[in-house]
Amino acid sequence: MPYSQVKFDAAIWETVSNIKSGRVMSYGQVARIAGYPRHARMVSKAMGRCQTALPWYRVIRSNFTLAFKEGSNAYIKQRQLLEKEGVRFVNGKVVPLDSDANKDLDELLWGVPDHL
DNA sequence: CCCTTGACTATCT
DNA sequence: GAGATAGCCAAGG
């Protein structure tokens, strides 16, 4: 089957639009779940082509950092949108939802890891 | 064709 | 843990 950008885009948009508020997913995960493994790099392209509203900001790197250059407009916008949904950041990295058990008191109270 | 470029990832040093 | 390296794959020059 030849690569169809139309079908690829549709699959990606579908997957991204299903990410629930306050949750995030990596580019690789989106690509894989959409049925296109190893197409992480293409996910951003597909999202850029989407004309309707899409929760693009819920897609981040596999290492829990944002894909845009830190300090850039896009980075700030994405971070604000995520924080508005309750996503917390520590050291520029998104805090996984169920990691509370692994965090010490200082980090829970102040959002600052002890080892700095 | 060959080469470069990414909103990427995994695996070394 | 920060770099370097090597895969990855579609687009565009």
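Below, chains carry the letters A, B, ... as their sequence lines are ordered, and counting in each starts from 1. This is a predicted model, so every value here is computed, not measured.
- When atom types are taken as modelled, the side chain of A:Asn63 and the backbone of A:Thr65 share a donor-acceptor pair closer than 3.5 angstrom.
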List, one per line, each side-chain donor-acceptor pair under 3.5 Å for residues 5-19 of chain A, sequence neighbours excluded.
residue, atom, partner, partner atom, Å
A:Asp9, OD1, A:Arg49, NH1, 2.5
A:Asp9, OD2, A:Arg49, NH1, 3.2
A:Trp13, NE1, A:Ala46, O, 2.7
A:Glu14, OE2, A:Asn18, ND2, 3.1
A:Thr15, OG1, A:Ala11, O, 2.9
A:Ser17, OG, A:Trp13, O, 3.1
A:Ser17, OG, A:Glu14, O, 2.8
A:Asn18, ND2, A:Glu14, O, 3.3

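- Around the CZ atom of A:Arg79, the shell of radius 6.0 Å holds more than 12 heavy atoms that belong to other residues, nucleotides or ligands.
- A heavy-atom distance below 4.0 Å to DNA chain B is reached by these residues of residues 65-87 of chain A, ordered by number: A:Ala67, A:Phe68.
- Within residues 29-55 of chain A, the residues having any heavy atom closer than 4.0 Å to DNA chain C are, in order of number, A:Arg38, A:His39, A:Arg41, A:Met42.
- The CD atom of A:Glu70 sits 9.5 Å away from atom CD1 of A:Ile76, with the distance rounded to the nearest 0.5 Å.
- Between A:Ala31 and A:Val43, the shortest heavy-atom distance links the atoms CB-CG2, 3.8 Å.
- Less than 4.0 Å separates DNA chain B from no heavy atom of any residue of residues 3-12 of chain A.
- For the side chain to side chain donor-acceptor pair (under 3.5 Å) with A:Tyr57, the lone residue among A:Gln80, A:Lys77, A:Glu85 that qualifies is A:Glu85.
- Looking at residues two or more places apart in sequence or on another chain, you find a side chain to side chain contact (heavy atoms under 4.5 Å, CB included) between A:Val94 and A:Val24, A:Ile60, A:Phe64, A:Val87, A:Phe89.
- Scanning both residues, A:Ala67 and A:Tyr27, for their nearest heavy atoms gives CB-OH, 3.3 Å.
- Note that the CZ atom of A:Arg32 and the CE atom of A:Met25 stand 8.5 Å from one another [nearest 0.5 Å].
- Contacts between chain A and DNA chain B, taken as any atom within less than 4.0 angstrom of a protein heavy atom, begin and end at B:dG6 to B:dA10.
- The only option from A:Asn73, A:Val59, A:Leu66 that meets the side-chain contact (heavy atoms from CB on, under 4.5 Å) definition with A:Gln78 turns out to be A:Leu66.
- When the C1' atom is compared between B:dC1 and C:dG13, the two are found 12 Å apart, to the nearest whole Å.
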